[in-house]
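Every number for a ligand or one of its atoms is a count from 1 in the order of the listing. The basis for the numbers below is simple: all heavy atoms, side chains too, and nothing from hydrogens, waters or symmetry mates. Positions are given from 1, in the same order as the sequence printed here.
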Amino acid sequence: MSKPIAIWGPPGSGKSTIAARCAELLGWRLLELDREIEARSQQSIPELFAKGEEHFRQVEREIARDVLQPNTIISLGGGTLVDDGLRELYQKETHLFRLDASHEALVRRIASQKNQRPLFASGPLSESLALLLERRRGAYQSVTAVIDTERLSIARAADAILRQAMPSDSIKLSLSGKEHEYHIGAGTLSSLGESLVQLGARGKVFLLVDRRAAAHHGARVRTSITAAGLQWSWVSLPPGELQKNSNILWRTLRFLTKEGADRGSFIVALGGGATCDLAALTASMYMRGVPLVLAPTTSLSMLDASIGGKTAINEWSAKNLIGTFYPPKKIIADVTTLTTLPLRERRAALAEAVKIALIADEGLFGWIETNADALISNQVHLDLWQELLSRSAKRKIEIVQQDFEERGLRKHLNLGHTIGHALEANCRDLLHGEAVSIGLYAAMLLSHQRGLCELSLVERVKSLLARLHLPIKAPRYSEGGFFSSLSLDKKREDQMLFFLLCKGFGEIQISRDVTLKEVQGILRALSHGGDAP
Ligand SMILES: NC(=O)c1ccc[n+]([C@@H]2O[C@H](COP(=O)([O-])OP(=O)(O)OC[C@H]3O[C@@H](n4cnc5c(N)ncnc54)[C@H](O)[C@@H]3O)[C@@H](O)[C@H]2O)c1
């Protein structure tokens, strides 16, 4: 439960619109105080005012105290917090913001509104407003978190509010002796340019961007980099998995060469896991390694793909066959980018979150069970997503820091991926997270079949995946293609299939003696509805 956010400011400052945008981003309840007053008193604001301003303020005071509920965005009336007691209460109990704009802008906006406000019913608008602002000056000024709605668009103003109200999380990581930071929060993309300068970027920055992610968030990134005094060059990549191949890799490397990128040139990836993987491989290969910053824009890339320094492209129907280990200089995850991500993509990442919870955090598994419905709702609950991503990222960071080059412990993160990757490579319609969901359930079935884990845990995982609307049943795929991908899988070690099995929470076991016959049996079970044999 989070403290409510209250938005105040003079008439015409944009309280209702910006509050609505914040509520949409967070998936919180929107409460417009004036509408609430009308509903509860069953009188319109002009009717209440007709009984005298003091009468209206009295009603307003009572209702304003009553609506302070967690997870609510409150759009206050223009004069609500002139009352000292109420202002003190809101300063204490809410994240309180004041919107501001110039006198001219306020007059213009008020004049364009259909419903004229009672306070401006008499006299010319400009003078009445000036008098009103003068009267309330002290009260307005005592609210110090100010958002300038003249300079910022509605979306940017809402971002600025969320950035301040929802503290971002920074986690330090050290991979192979190289320190860097994972920074997650709402609106963090706006600080990308500043971060690049702090990291030592000079000259031109090379932005490798997923075309779809860039259509929504590219402008913010360009503005931030330009504002930091840096130049940029732009490489637009085909969406998602279509970019993770050698053609695109060579094309990108050729572009860097033609543009004269040198060893000090920064590469910035903006996109999902596919972009992080491709851009990181590019950065690790160009001139034997140039500085890299990742700006993941999908839930999966925020909790998984951007963390741990693995880079890859797919080749010859095998996932991630060609790749390197190459840590970035910084990871900047902006959860507001999730609002443009299709629900199916957002949801698919939950399979990786369930996986990490099984491997390392039983409490997180329970948290996902509690919040499952909100996590898959159409409305993105950014506060819940930030908590989930941050918690999952921490667990992954703990593991990869101990075993950067995947010699032991880090292999556990492949739980569900042996079957998952082979399915992903052979089913066009399956997203990475969905393939992991099927692979995870298959690994649980196999673990139970081998007497390693209780049926109750298999059922608990199955039921959570189903609640998250994630698949547990293998779709149509070519068996030949599946087994050839399995044999090419990088996890096939010493000619043995390499499987991760689960004995219980936090108890993962590496197995090298799983036979193809067992895999076939599990696949048959999956295609018949996926019940435990
Ligand atoms: N390196 C690692 O450790 C690691 C770990 C896990 C997964 N991966 C890799 O990550 C990839 C999957 O990543 P993913 O799930 O992020 O998918 P993705 O990168 O394929 O992106 C999914 C889709 O979302 C679009 N998109 C991206 N951001 C968007 C936004 N904000 N708004 C709208 N559309 C947006 C993309 O164009 C694409 O169509 C796989 O290739 C997988 O192998 C790597």
Can you check whether I73's main-chain N or O pairs, donor with acceptor, with R29's side chain at less than 3.5 Å?
-> no

Provide, to 0.1 Å, the distance between atom 17 (O) of ligand 1 and the closest protein heavy atom, together with that atom's residue and name.
-> G273 N, 4.1 Å

Is there a donor-acceptor pair under 3.5 Å between the side chain of Y286 and the backbone N or O of A261?
-> yes

What's the shortest distance from atom 44 (C) of ligand 1 to any protein heavy atom, and which residue and atom give it?
-> D277 OD2, 3.3 Å

Rounding to 0.5 Å, atoms OG (S306) and CD1 (I331) come to a distance of 4.5 Å

Honestly, for E345 the part within reach of ligand 1 (heavy atoms, under 4.0 Å) is side chain

Heavy-atom donor-acceptor pair, N414 side chain to H417 backbone, under 3.5 Å | no

Under 4.0 Å from one or more heavy atoms of K319, ligand 1 contributes atoms 40 (C), 41 (O), 42 (C), 43 (O)

For atom 37 (O) of ligand 1, grab the closest protein heavy atom and report residue, atom and distance to one decimal in Å.
-> D210 OD1, 2.6 Å

Which bit of T340 gets closer than 4.0 Å to ligand 1, counting heavy atoms only: side chain, backbone, both or neither?
-> both

Under 4.0 Å, heavy atoms only, figure out whether ligand 1 is touched by the backbone of K244, its side chain, both or neither.
-> side chain

Classify the contact between K396 and ligand 1 as side chain, backbone, both or neither, using a heavy-atom distance cut-off of under 4.0 Å.
-> side chain

Restricting to heavy atoms, the pick from L413, D304, L341 nearest atom 6 (C) of ligand 1 would be D304

Numbered atoms of ligand 1 (with element) below 4.0 Å of A274, judged on heavy atoms | 10 (O), 11 (C), 13 (O), 19 (O), 20 (O)

Hey, what do you get for CG (L470) to CZ (R344), rounding to the nearest 0.5 Å?
-> 10.5 Å

Using the benzene-type ring in the case of Trp, are the ring centres of F365 and F505 under 6.0 Å apart?
-> yes

Of the backbone atoms (N, CA, C, O) and the side-chain heavy atoms from C-beta on, which set of N320 has a member under 4.0 Å from an atom of ligand 1: side chain, backbone, both, or neither?
-> side chain

Would you indicate which of L242, V400, T298 comes nearest to atom 27 (C) of ligand 1 when only heavy atoms are counted?
-> T298

May I ask you to identify, for L431, whether its side chain, its backbone, both or neither come under 4.0 Å of ligand 1 on a heavy-atom basis?
-> neither

Quick look: E241 vs ligand 1, heavy-atom contacts under 4.0 Å, and the answer is both

Look at atom NZ of K329 and say whether more than 12 heavy atoms of other residues, nucleotides or ligands are closer to it than 6.0 Å.
-> no

Nearest 0.5 Å please: distance from the CD1 atom of I307 over to the OG atom of S301.
-> 9.5 Å

Please confirm whether the backbone N or O of T515 pairs with a side-chain atom of E518, one donor and one acceptor, at under 3.5 Å?
-> yes

May I ask whether H421 has any heavy atom positioned less than 4.0 angstrom from an atom of ligand 1?
-> no

For S246 and I313, run side chain to side chain contact (heavy atoms under 4.5 Å, CB included): C-alpha distance rounded to whole Å, both residues' side-chain angles, the deciding distance at 0.1 Å, then the answer.
-> CA-CA 7 Å; S246 54; I313 53 168; 4.0 Å; yes

